[in-house]
Amino acid sequence: MSEQTFKITFKGKVTRDSDVDRAKTNFAKLFKLPAAKVEIMFDGKERTLKKALSLDKANHLRAVLKKAGIRVSMVKNVVEAQPQGMDDWELNEPGTVILRPVTVPERHIETAHIKVDVDFDKLEDKPQSEPPEVDIDHITINESDEPIVITKEVEIPEFDFSKMSMEEVGSIIVEHKKISTPEIPTDDMTLDEAGQQLVQKKAIPEPEIDISNISLNVE
(Lines give C-alpha, C1' and ligand atoms only; values in the text may rest on other atoms or scores of the structure.)
Protein backbone atom coordinates (compact mmCIF):
# COMPACT_ATOMS: atom_id res chain seq x y z
CA MET A 1 0.00 0.00 0.00
CA SER A 2 1.42 3.40 -1.03
CA GLU A 3 2.17 6.06 1.57
CA GLN A 4 -0.40 8.82 2.09
CA THR A 5 0.81 12.14 0.65
CA PHE A 6 -0.38 15.75 0.96
CA LYS A 7 -0.23 18.83 -1.23
CA ILE A 8 0.22 22.46 -0.15
CA THR A 9 -2.12 24.97 -1.84
CA PHE A 10 -1.99 28.77 -1.72
CA LYS A 11 -4.71 31.36 -2.52
CA GLY A 12 -2.74 34.56 -1.94
CA LYS A 13 -3.90 35.00 1.65
CA VAL A 14 -1.81 36.09 4.63
CA THR A 15 -2.09 35.31 8.35
CA ARG A 16 -3.91 37.61 10.76
CA ASP A 17 -0.72 38.93 12.37
CA SER A 18 0.92 39.83 9.06
CA ASP A 19 0.40 42.29 6.21
CA VAL A 20 0.53 41.67 2.47
CA ASP A 21 3.78 43.53 1.81
CA ARG A 22 5.73 41.61 4.45
CA ALA A 23 4.23 38.32 3.26
CA LYS A 24 5.24 39.05 -0.34
CA THR A 25 8.80 39.88 0.74
CA ASN A 26 9.06 36.64 2.69
CA PHE A 27 7.49 34.66 -0.17
CA ALA A 28 10.10 35.99 -2.59
CA LYS A 29 12.95 35.06 -0.22
CA LEU A 30 11.66 31.56 0.52
CA PHE A 31 10.88 30.56 -3.06
CA LYS A 32 13.60 32.76 -4.67
CA LEU A 33 11.17 34.45 -7.05
CA PRO A 34 11.29 37.93 -8.63
CA ALA A 35 8.80 40.56 -7.55
CA ALA A 36 6.76 40.25 -10.76
CA LYS A 37 6.08 36.53 -10.23
CA VAL A 38 5.34 37.12 -6.55
CA GLU A 39 2.58 39.59 -7.48
CA ILE A 40 1.00 36.93 -9.71
CA MET A 41 1.02 34.43 -6.83
CA PHE A 42 -1.06 36.85 -4.70
CA ASP A 43 -3.88 37.36 -7.25
CA GLY A 44 -6.32 35.14 -5.26
CA LYS A 45 -6.27 32.07 -7.51
CA GLU A 46 -5.55 28.70 -5.94
CA ARG A 47 -2.13 27.30 -6.80
CA THR A 48 -0.26 24.20 -5.67
CA LEU A 49 3.12 24.93 -4.11
CA LYS A 50 4.03 21.28 -3.42
CA LYS A 51 2.22 18.27 -4.90
CA ALA A 52 3.22 15.20 -2.89
CA LEU A 53 4.74 15.48 0.59
CA SER A 54 4.65 13.17 3.55
CA LEU A 55 2.67 14.20 6.62
CA ASP A 56 5.75 15.36 8.54
CA LYS A 57 7.19 17.34 5.62
CA ALA A 58 3.81 18.92 4.82
CA ASN A 59 3.35 20.02 8.44
CA HIS A 60 6.90 21.43 8.50
CA LEU A 61 6.36 23.44 5.31
CA ARG A 62 3.03 24.82 6.52
CA ALA A 63 4.59 25.87 9.84
CA VAL A 64 7.46 27.66 8.05
CA LEU A 65 5.08 29.54 5.73
CA LYS A 66 2.79 30.47 8.64
CA LYS A 67 5.76 31.95 10.52
CA ALA A 68 6.52 33.98 7.41
CA GLY A 69 2.94 35.36 7.37
CA ILE A 70 1.74 33.18 4.47
CA ARG A 71 -1.47 31.19 4.94
CA VAL A 72 -1.66 27.90 3.05
CA SER A 73 -3.80 24.75 3.13
CA MET A 74 -2.72 21.13 3.44
CA VAL A 75 -4.88 18.82 1.29
CA LYS A 76 -4.79 15.02 1.44
CA ASN A 77 -4.12 13.40 -1.92
CA VAL A 78 -6.58 10.71 -2.99
CA VAL A 79 -4.92 7.30 -3.17
CA GLU A 80 -6.44 5.13 -5.88
CA ALA A 81 -6.93 1.49 -4.98
CA GLN A 82 -4.65 -0.78 -6.99
CA PRO A 83 -6.48 -3.72 -8.64
CA GLN A 84 -5.35 -7.08 -7.42
CA GLY A 85 -3.47 -9.16 -9.94
CA MET A 86 -4.93 -12.41 -11.27
CA ASP A 87 -1.71 -13.88 -12.65
CA ASP A 88 -1.38 -16.31 -9.74
CA TRP A 89 -4.98 -17.53 -9.98
CA GLU A 90 -5.67 -21.08 -11.18
CA LEU A 91 -8.98 -22.48 -12.38
CA ASN A 92 -9.80 -26.13 -11.85
CA GLU A 93 -11.80 -28.21 -14.30
CA PRO A 94 -15.59 -28.38 -13.85
CA GLY A 95 -16.57 -31.05 -11.31
CA THR A 96 -13.32 -30.90 -9.36
CA VAL A 97 -13.82 -31.40 -5.63
CA ILE A 98 -12.12 -28.46 -3.95
CA LEU A 99 -12.96 -29.30 -0.33
CA ARG A 100 -13.20 -32.94 0.72
CA PRO A 101 -15.30 -33.76 3.83
CA VAL A 102 -13.29 -35.06 6.76
CA THR A 103 -14.48 -38.45 8.02
CA VAL A 104 -14.15 -38.86 11.79
CA PRO A 105 -12.85 -42.38 12.58
CA GLU A 106 -14.99 -44.55 14.84
CA ARG A 107 -13.63 -44.92 18.34
CA HIS A 108 -14.07 -48.12 20.34
CA ILE A 109 -14.64 -47.61 24.06
CA GLU A 110 -13.69 -50.56 26.23
CA THR A 111 -16.34 -51.21 28.95
CA ALA A 112 -15.29 -54.69 30.12
CA HIS A 113 -13.68 -53.33 33.27
CA ILE A 114 -16.74 -51.30 34.29
CA LYS A 115 -19.03 -52.90 36.91
CA VAL A 116 -22.37 -51.69 38.27
CA ASP A 117 -23.03 -52.67 41.89
CA VAL A 118 -26.80 -52.54 42.33
CA ASP A 119 -28.81 -54.19 45.11
CA PHE A 120 -32.01 -55.09 43.30
CA ASP A 121 -33.66 -56.22 46.57
CA LYS A 122 -33.71 -52.63 47.82
CA LEU A 123 -35.24 -51.20 44.69
CA GLU A 124 -38.82 -50.06 45.21
CA ASP A 125 -41.42 -48.95 42.77
CA LYS A 126 -42.38 -45.33 43.28
CA PRO A 127 -46.14 -45.12 43.62
CA GLN A 128 -47.83 -42.78 41.23
CA SER A 129 -50.03 -40.16 42.86
CA GLU A 130 -53.67 -40.19 41.90
CA PRO A 131 -55.13 -36.92 40.61
CA PRO A 132 -57.24 -35.13 43.25
CA GLU A 133 -60.99 -35.52 43.05
CA VAL A 134 -62.90 -32.26 42.89
CA ASP A 135 -66.50 -32.25 44.13
CA ILE A 136 -68.64 -30.33 41.61
CA ASP A 137 -72.06 -31.55 42.75
CA HIS A 138 -72.96 -28.20 44.28
CA ILE A 139 -72.19 -26.32 41.03
CA THR A 140 -75.17 -25.53 38.81
CA ILE A 141 -75.46 -23.84 35.45
CA ASN A 142 -78.05 -21.08 35.15
CA GLU A 143 -79.69 -21.49 31.74
CA SER A 144 -82.05 -18.51 32.09
CA ASP A 145 -81.68 -15.27 30.14
CA GLU A 146 -81.49 -13.18 33.28
CA PRO A 147 -78.15 -11.38 33.80
CA ILE A 148 -75.89 -12.91 36.39
CA VAL A 149 -74.71 -9.51 37.64
CA ILE A 150 -77.41 -6.93 38.30
CA THR A 151 -76.27 -3.35 37.75
CA LYS A 152 -77.26 -0.73 40.28
CA GLU A 153 -78.28 2.72 39.15
CA VAL A 154 -76.39 5.58 40.77
CA GLU A 155 -78.23 8.80 41.47
CA ILE A 156 -76.72 11.95 39.99
CA PRO A 157 -75.91 14.34 42.85
CA GLU A 158 -77.55 17.77 42.85
CA PHE A 159 -75.23 20.76 43.16
CA ASP A 160 -76.39 24.02 44.75
CA PHE A 161 -75.32 26.95 42.55
CA SER A 162 -77.55 29.50 44.31
CA LYS A 163 -74.64 31.01 46.31
CA MET A 164 -72.33 31.27 43.30
CA SER A 165 -71.97 34.49 41.32
CA MET A 166 -70.34 35.41 38.00
CA GLU A 167 -68.07 38.41 37.52
CA GLU A 168 -68.47 40.66 34.54
CA VAL A 169 -66.38 40.09 31.46
CA GLY A 170 -62.96 41.73 31.87
CA SER A 171 -63.01 41.70 35.66
CA ILE A 172 -59.68 41.06 37.38
CA ILE A 173 -60.07 37.94 39.48
CA VAL A 174 -56.58 37.93 41.01
CA GLU A 175 -55.21 41.25 42.24
CA HIS A 176 -51.55 41.73 41.40
CA LYS A 177 -49.34 43.16 44.11
CA LYS A 178 -47.68 46.35 42.97
CA ILE A 179 -43.95 46.51 43.51
CA SER A 180 -42.50 49.94 44.06
CA THR A 181 -39.66 51.05 41.78
CA PRO A 182 -36.36 50.99 43.68
CA GLU A 183 -34.52 54.26 44.01
CA ILE A 184 -31.04 54.09 42.52
CA PRO A 185 -28.68 56.86 43.65
CA THR A 186 -27.12 58.59 40.64
CA ASP A 187 -25.54 61.61 42.39
CA ASP A 188 -22.01 60.22 42.04
CA MET A 189 -22.40 59.31 38.36
CA THR A 190 -21.09 61.57 35.58
CA LEU A 191 -21.50 61.45 31.81
CA ASP A 192 -18.66 62.16 29.39
CA GLU A 193 -19.21 64.42 26.45
CA ALA A 194 -20.51 62.98 23.20
CA GLY A 195 -17.73 61.44 21.12
CA GLN A 196 -15.43 60.90 24.11
CA GLN A 197 -13.32 57.73 23.79
CA LEU A 198 -14.03 55.56 26.84
CA VAL A 199 -11.36 52.90 26.29
CA GLN A 200 -7.84 53.96 25.33
CA LYS A 201 -6.32 51.55 22.85
CA LYS A 202 -2.68 50.67 23.39
CA ALA A 203 -0.65 50.48 20.22
CA ILE A 204 1.49 47.32 20.09
CA PRO A 205 4.47 47.51 17.75
CA GLU A 206 4.50 44.88 15.05
CA PRO A 207 7.09 42.18 15.83
CA GLU A 208 9.90 41.66 13.38
CA ILE A 209 10.39 38.02 12.47
CA ASP A 210 13.80 36.96 11.25
CA ILE A 211 13.38 34.32 8.53
CA SER A 212 16.91 34.46 7.21
CA ASN A 213 17.70 31.08 8.82
CA ILE A 214 14.52 29.36 7.54
CA SER A 215 14.84 27.04 4.59
CA LEU A 216 12.34 25.11 2.45
CA ASN A 217 14.45 21.99 2.17
CA VAL A 218 11.57 19.52 2.51
CA GLU A 219 12.33 17.14 -0.36
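When a residue number appears, it is its place in the shown sequence, counting from 1.
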Does some side-chain heavy atom of R47 sit less than 4.5 Å from a side-chain heavy atom of I40? yes
Under the criterion side chain to side chain contact (heavy atoms under 4.5 Å, CB included), which of T9, L49, T48 is the partner of V72? L49
List the steps, then state whether side chain to side chain contact (heavy atoms under 4.5 Å, CB included) holds for L55 with M74. CA-CA 9 Å; L55 178 61; M74 188 172 69; 4.1 Å; yes
Could you pull out all residues at least two apart from S162 that satisfy side chain to side chain donor-acceptor pair (under 3.5 Å)? D160
If the condition is side chain to side chain donor-acceptor pair (under 3.5 Å), which residues does K24 pass it with, not counting sequence neighbours? E39
According to side chain to side chain donor-acceptor pair (under 3.5 Å), who are the partners of D19, at least two apart in sequence or on a separate chain? none
State, without any angle test, whether D17 and T15 hold a side-chain donor-acceptor pair at a distance under 3.5 Å. yes
Locate the shortest heavy-atom distance separating F6 from A58; write the atom from each residue and the value. CB-CB, 4.0 Å
Report the residues that fulfil salt bridge (charged side-chain N to carboxylate O under 4.0 Å, His left out) with R22, sequence neighbours left out, ordered by chain and then residue number. E206
Looking at G69 and A23, what are the two nearest heavy atoms and their distance? O-CB, 3.7 Å
Donor-acceptor pair, distance only, cut-off 3.5 Å: does the side chain of N77 make one with the backbone of K51? yes
Could you pull out every donor-acceptor pair under 3.5 Å between side chains of residues 28-38 and any protein atom, sequence neighbours left out?
none

First locate atom CD of Q4, then atom CG of L53, and finally report the distance between them rounded to the nearest 0.5 Å. 12.0 Å
Under the side chain to side chain contact (heavy atoms under 4.5 Å, CB included) rule, what do F27 and V14 come out as? Steps first, then yes or no, please. CA-CA 11 Å; F27 194 93; V14 299; over 6 Å; no
By salt bridge (charged side-chain N to carboxylate O under 4.0 Å, His left out), which residues pair with R71, not counting sequence neighbours? none
Calculate, to the nearest 0.5 Å, the distance between atoms NZ and OG belonging to K66 and S18 respectively. 12.5 Å
